[in-house]
Undergrad: 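The structure's right below; bear with me while I get my questions together.
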Amino acid sequence: MLLCASLVMLMTPGLAFFYGGLVGRKNVLTIMAQSFMSLGWTTVLWFAFGYSMCFGPSWHGIIGDPTYYAFMRGITLHSMYAGNDAGIPLIVHVAYQMMFAIITPALITGAFANRVTVKAYFLFLTGWLVLVYFPFVHMVWSPDGLLAKWGVLDFAGGIVVHNTAGFAALASILYVGRRSLVENKPHNVPLIALGTGLLWFGWYGFNAGSELKVDAVTASAFLNTDVAASFAGTAWFLLEWSHAKQPKFVGLLTGAVAGLATITPAAGYVSLGSAAVIGLIAAVVCYYAVQLKNRLNWDDALDVWGVHGVGGLLGTILLGVFATKGWNAAGADGLLYGDASFLFKQVVAAVASGAWAFGFTYGMLWLIDRVTPVKVGAAVEQAGLDVSLHGEEAYI
């Protein structure tokens, strides 16, 4: 579990490289700094009250008591995690779940890349964790959570991570507005490839580790992760090749990430064949979601909504179709195995979490804008955020 926690931690620097390669030369450090800010500040919040809000005693199934584990109160070397019959020390669970909390808000930064102030991002990071991420961790992954008790499943974060981050990204781009200087051409494709490799590698800890123990389900979640990413990356590559008349490396990398996001909620609950189908569906649906975004003129700079939001939503719903207790007895039977009610629960949870994330994010940005400007000025955009905000340059 500590190895898996380390893999998930590595995903945040991987995301920094992935996003850093996608933006222009003048904004590389800013987008990377936002990931590393989450790495530091989220850990502080998690230590202070975040873990307690996620896994402390429940308040009506919506949120945990923020004081119960505050500043790791009451957690000793002998404290054991009670959930999932995992038999791991509680401090291991604290560490593993902390890594999920770190990367989730960092995903959103790709949507409003090149146009948000440092103060506003710091406030956003804090508020979003408290109002969106922590409640959904509790509702979905705490044994006393509202959605968990209802029977909703999310193996590794389709709802909790990708759907909430993706629809928060949509709210962000609609509130913040378009960049005055739109640069959609990646400045460094090798950086994107490095970031994708680190993300893909870390995703094995993200998905396989979510079983919280070593058994056949752990192994199937690991392999399902690779199968879905590979099928999705290849399908996106071929689909874009047929449209753009050129085989795009960035398309291959983006498709793989879409497959990884989509298989996440289902990784431990579906068969290998279903994982391949989910990967193929992810490539097609996420590819056309990005095309729709372009047509609607939404300035989602790094396609967070189209890849993570749509991928998380899609994966959560497809779990309701392909899940089978024949593969994982602790899971559920989906639509193809005779239980339409489980699909209904997954759809409701996916839509509700997306709506919550969108509404709270939009309202939070409005409030932050009353305290400090959210968006940088046109002159700052033109000069680049690295020099204007940080006084640093990636390339000299």
Side-chain angles (χ1 to χ4, degrees), residues 140 152-166 196 199-200 202-204 206-211 216-240 251-290 303 305-328 330-340 342-347 349-351 353-354:
V140 177
V152 171
L153 294 178
D154 181 4
F155 192 77
I159 296 171
V160 175
V161 176
H162 298 287
N163 196 46
T164 57
T196 304
L199 285 169
W200 198 329
W203 228 292
Y204 296 131
F206 201 84
N207 286 356
S210 290
E211 177 66 358
V217 172
T218 312
S220 72
F222 185 106
L223 188 53
N224 279 343
T225 301
D226 192 76
V227 167
S230 299
F231 272 80
T234 304
W236 188 301
F237 180 73
L238 295 173
L239 184 60
E240 189 169 37
L252 171 62
L253 300 173
T254 304
V257 174
L260 290 164
T262 306
I263 194 58
T264 291
Y269 297 127
V270 301
S271 68
L272 299 174
S274 295
V277 174
I278 289 171
L280 291 172
I281 296 172
V284 174
V285 174
C286 292
Y287 177 82
Y288 283 108
V290 171
D303 294 326
W305 174 77
V307 173
H308 294 279
V310 173
L313 178 75
L314 180 65
T316 301
I317 293 171
L318 291 177
L319 172 57
V321 175
F322 291 106
T324 170
K325 288 183 179 179
W327 192 261
N328 183 348
D333 285 322
L335 181 66
L336 292 181
Y337 298 90
D339 190 354
F342 177 60
L343 173 60
F344 173 75
K345 292 174 183 177
Q346 293 298 110
V347 171
V351 172
S353 59

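In this chain, numbering begins with 1 at the start of the sequence shown. All values below were derived from every heavy atom in this structure, side-chain atoms included, with hydrogens, water molecules and symmetry-related copies excluded.
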Undergrad: Would you check, one step at a time, whether the test side chain to side chain contact (heavy atoms under 4.5 Å, CB included) holds for Leu239 with Tyr288?
TA: CA-CA 10 Å; Leu239 184 60; Tyr288 283 108; 3.9 Å; yes
Undergrad: Please report the interatomic distance OG1(Thr264) to CG(Leu319), rounded to the nearest 0.5 Å.
TA: 11.5 Å
Undergrad: Closer than 3.5 angstrom, by distance alone: can the side chain of Asp303 be matched with the main-chain N or O of Val290 as a donor-acceptor pair?
TA: no
Undergrad: Return the minimal non-hydrogen interatomic distance between Ala221 and Ala208, and the atom names on each side.
TA: CB-CA, 3.9 Å
Undergrad: Side-chain contact test, heavy atoms from C-beta onward, threshold under 4.5 Å: evaluate it for Phe206 versus Leu260 and give yes or no.
TA: no
Undergrad: Which atom pair, heavy atoms only, marks the closest approach of Ala156 to Ser210?
TA: CB-OG, 3.3 Å
Undergrad: Please report the C-alpha distance between Phe231 and Val277 in whole Å, then the side-chain angles of each, then the deciding distance to 0.1 Å, and finally whether the side chain to side chain contact (heavy atoms under 4.5 Å, CB included) criterion is met.
TA: CA-CA 8 Å; Phe231 272 80; Val277 174; over 6 Å; no
Undergrad: If we only count heavy atoms from C-beta on, is the Asn207 to Ile263 side-chain gap below 4.5 Å?
TA: yes
Undergrad: First locate atom OG1 of Thr324, then atom CG of Asp339, and finally report the distance between them rounded to the nearest 0.5 Å.
TA: 11.0 Å
Undergrad: Using 0.5 Å steps for rounding, measure from the OG1 atom of Thr316 to the CG atom of Leu343.
TA: 11.5 Å
Undergrad: Distance check, rounded to the nearest 0.5 Å: Asn224 atom CG versus Ile278 atom CD1?
TA: 7.5 Å
Undergrad: Closest heavy-atom contact between Thr234 and Leu252?
TA: N-CD1, 4.0 Å
Undergrad: Indicate the atoms forming the closest heavy-atom contact of Val310 with Gly306, along with that distance.
TA: CB-O, 3.4 Å
Undergrad: Is the Tyr269 ring parallel, tilted or perpendicular to the Phe155 ring (thresholds 30°, 60°)?
TA: perpendicular
Undergrad: Yes or no on side chain to side chain contact (heavy atoms under 4.5 Å, CB included) for Ile281 and Leu318, after CA distance, side-chain angles and deciding distance?
TA: CA-CA 9 Å; Ile281 296 172; Leu318 291 177; 4.0 Å; yes
Undergrad: What's the shortest heavy-atom distance between Trp305 and Gly166, and which atoms?
TA: CD1-O, 3.6 Å
Undergrad: Anything under 30° is parallel, anything over 60° is perpendicular, the rest tilted; go ahead and classify Tyr287 against Trp236.
TA: perpendicular
Undergrad: Tell me which one of Asn163, Leu313, Val257 satisfies side-chain contact (heavy atoms from CB on, under 4.5 Å) with His308.
TA: Val257
Undergrad: Is a side-chain donor or acceptor of Ser220 paired with a backbone partner of Val217 at a separation under 3.5 angstrom?
TA: yes
Undergrad: Tell me which one of Asp333, Leu153, Leu335 satisfies side-chain contact (heavy atoms from CB on, under 4.5 Å) with Phe342.
TA: Leu153
Undergrad: Specify the closest pair of heavy atoms between Leu280 and Ala235, including all atoms of both residues, with the distance to one decimal.
TA: CD2-CB, 3.9 Å
